[in-house]
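No experiment lies behind these values; they were computed from the predicted model shown.
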Amino acid sequence: MSFWNLKAELIDIIEFLDDSRDTVSWRFERHDNEIKHGAKLIVRPGQMACFVNEGKLADVFEEGTYTLTTQNLPILATLQGWKYGFESPFKAEVYFMTTRQITDLKWGTKAPFMYPSERFGPIDMRGFGSYAMKVSEPGKFLTEIVGTAQHLTYDAFAEFLRGRVTSKVVDAISESQLPLEKIAMNQDELSEVCKQRLTSEFAMFGLELTIFMVESLTMPEEEKKQIYEYIRMEKIDMAKYQQKSAADAMKMAAANEGGGGAAASGVGMGMGFAMANQMGQMFNPPAAQSNQPQSGGATPPPVPGVAMFHVVVNGQQAGPYDMNALKQMVASNQL
């Protein structure tokens, strides 16, 4: 890595050769030596050079080779009072900025954040991803970030941004209002939303956010299983599910005839019917249920002293039957 050359105690070449690939800013070393009038400034591809006079930003140079004179240092000449040009050596701080794209920078939530799901309530979630950026306004970047730092690396700068990035990303994801079951399938959309939210944040420091990616959104395994099971149940044909649940309950009651008598069997069947009916109400709105035709137009009567049941036979409501009648129907494969 070469930074400066000396000739007769005067600097006549100003350049920065960087082979480290991790430098974002470097202050040219002059060790109180003065810059020679007519010195060469070499700004290589992927670099910009900023001249600073007593803490004030002066002239900025893009890629190219320059002979330093009053003509191409107009701001510095004004700050130093060169009314009629200059012939003698001068002093100024020179900062080289890397303007190439900085890639594969990481972001991630150190702790879970609450995703406000309308259907399932607040859900603990973590997010991870990557982004790329570059210096777009060297003067602003120098003023806001570099200051007087001799050497600023990508790692040190990324650490500065990480907290700000994560905070904005959490806000953007929480406000996206995407259904929880779809959020993992819309990462491209979320990435674009986050990029738009962060663009102005990066611009404050003279930076351009070129790429932003949401690569992973995760939730606790137990919560994920419960949610996916709920979604799966929503897609089941509940009419068929109720019929199957009722038939299973009656078969179980008939099989357990000797283990508690008619009363116990009746309780078991009653619980089976109740569970099937409750699940049907969970997944079918009352309005939809009220539109379904009721066979016979009659509502089952209140439960009498002896347990009585209404059942569906060949798609038609039938009953009431007592326990003995139901056992006979089960035995003859009518149910």
Side-chain angles (χ1 to χ4, degrees), residues 1-103 132-158 160-161 202-208 210:
M1 184 180 295
S2 172
F3 308 109
W4 48 272
N5 293 328
L6 293 179
K7 183 178 181 181
E9 300 299 323
L10 298 177
I11 297 172
D12 58 2
I13 297 178
I14 303 172
E15 62 180 349
F16 174 44
L17 299 176
D18 180 24
D19 55 7
S20 65
R21 304 297 298 177
D22 66 348
T23 297
V24 67
S25 172
W26 177 267
R27 188 178 69 218
F28 181 76
E29 288 280 14
R30 59 185 181 84
H31 299 297
D32 292 328
N33 292 294
E34 296 180 325
I35 299 174
K36 181 181 179 180
H37 172 251
K40 296 291 185 183
L41 171 66
I42 302 173
V43 184
R44 289 179 167 76
Q47 295 179 347
M48 294 187 79
C50 299
F51 279 69
V52 176
N53 180 70
E54 296 181 355
K56 295 182 179 180
L57 178 66
D59 302 282
V60 179
F61 294 84
E62 297 181 349
E63 173 186 340
T65 300
Y66 306 87
T67 299
L68 298 179
T69 64
T70 308
Q71 292 180 348
N72 55 27
L73 287 169
I75 300 176
L76 186 64
T78 300
L79 291 174
Q80 294 201 356
W82 300 329
K83 297 181 180 179
Y84 306 104
F86 69 97
E87 296 294 336
S88 60
F90 64 95
K91 290 185 177 182
E93 294 179 341
V94 184
Y95 290 83
F96 283 90
M97 306 290 173
T98 299
T99 58
R100 64 176 178 267
Q101 188 167 242
I102 307 168
T103 60
M133 65 182 183
K134 65 179 181 180
V135 177
S136 57
E137 298 182 63
K140 184 180 290 187
F141 180 69
L142 175 65
T143 303
E144 298 294 333
I145 301 298
V146 178
T148 59
Q150 171 68 39
H151 185 203
L152 186 65
T153 64
Y154 292 161
D155 289 342
F157 183 58
F160 168 79
L161 280 181
F202 277 69
M204 290 171 52
F205 305 109
L207 295 167
E208 178 185 351
T210 55

| field | Euclidean distance, Met48 CE relative to Glu63 CD, rounded to 0.5 Å | value | 10.5 Å
| request: Supply the atom-to-atom distance Leu152 CG to Asp22 CG, rounded to the nearest 0.5 angstrom. | output: 10.0 Å
| message | If we ignore hydrogens and angles and just use 3.5 Å, is the side chain of Thr98 paired with the main-chain N or O of Thr23 as donor and acceptor? | response | yes
Are any of the side-chain heavy atoms of [X] and [Y] separated by less than 4.5 Å?
{"X": "Trp26", "Y": "Gln150", "answer": "yes"}
{"X": "Ile35", "Y": "Lys91", "answer": "no"}
{"X": "Val24", "Y": "Val135", "answer": "yes"}
{"X": "Ile14", "Y": "Leu68", "answer": "yes"}

| query | Take atom NZ in Lys134; do more than 12 heavy atoms of anything else shown fall under 6.0 Å from it? | reply | no
| Where do Phe16 and Phe28 land on the side-chain contact (heavy atoms from CB on, under 4.5 Å) test, with the steps shown first? | CA-CA 8 Å; Phe16 174 44; Phe28 181 76; over 6 Å; no
| How close do Phe51 and Leu41 get, heavy atom to heavy atom, and via which atoms? | CE1-CD2, 3.7 Å
| task | Grab the two heavy atoms, one from Lys140 and one from Ala203, that are nearest each other, plus how far apart they are. | result | CD-O, 3.4 Å
| request: For Leu73 and Gln80, run side-chain contact (heavy atoms from CB on, under 4.5 Å): C-alpha distance rounded to whole Å, both residues' side-chain angles, the deciding distance at 0.1 Å, then the answer. | output: CA-CA 10 Å; Leu73 287 169; Gln80 294 201 356; over 6 Å; no
When the side chains of residues 54-61 are checked against the rest of the protein, which donor-acceptor pairs come out under 3.5 Å, sequence neighbours left out?
{"residue": "Asp59", "atom": "OD1", "partner": "Ile75", "partner atom": "N", "Å": "3.2"}
{"residue": "Asp59", "atom": "OD2", "partner": "Leu76", "partner atom": "N", "Å": "2.9"}

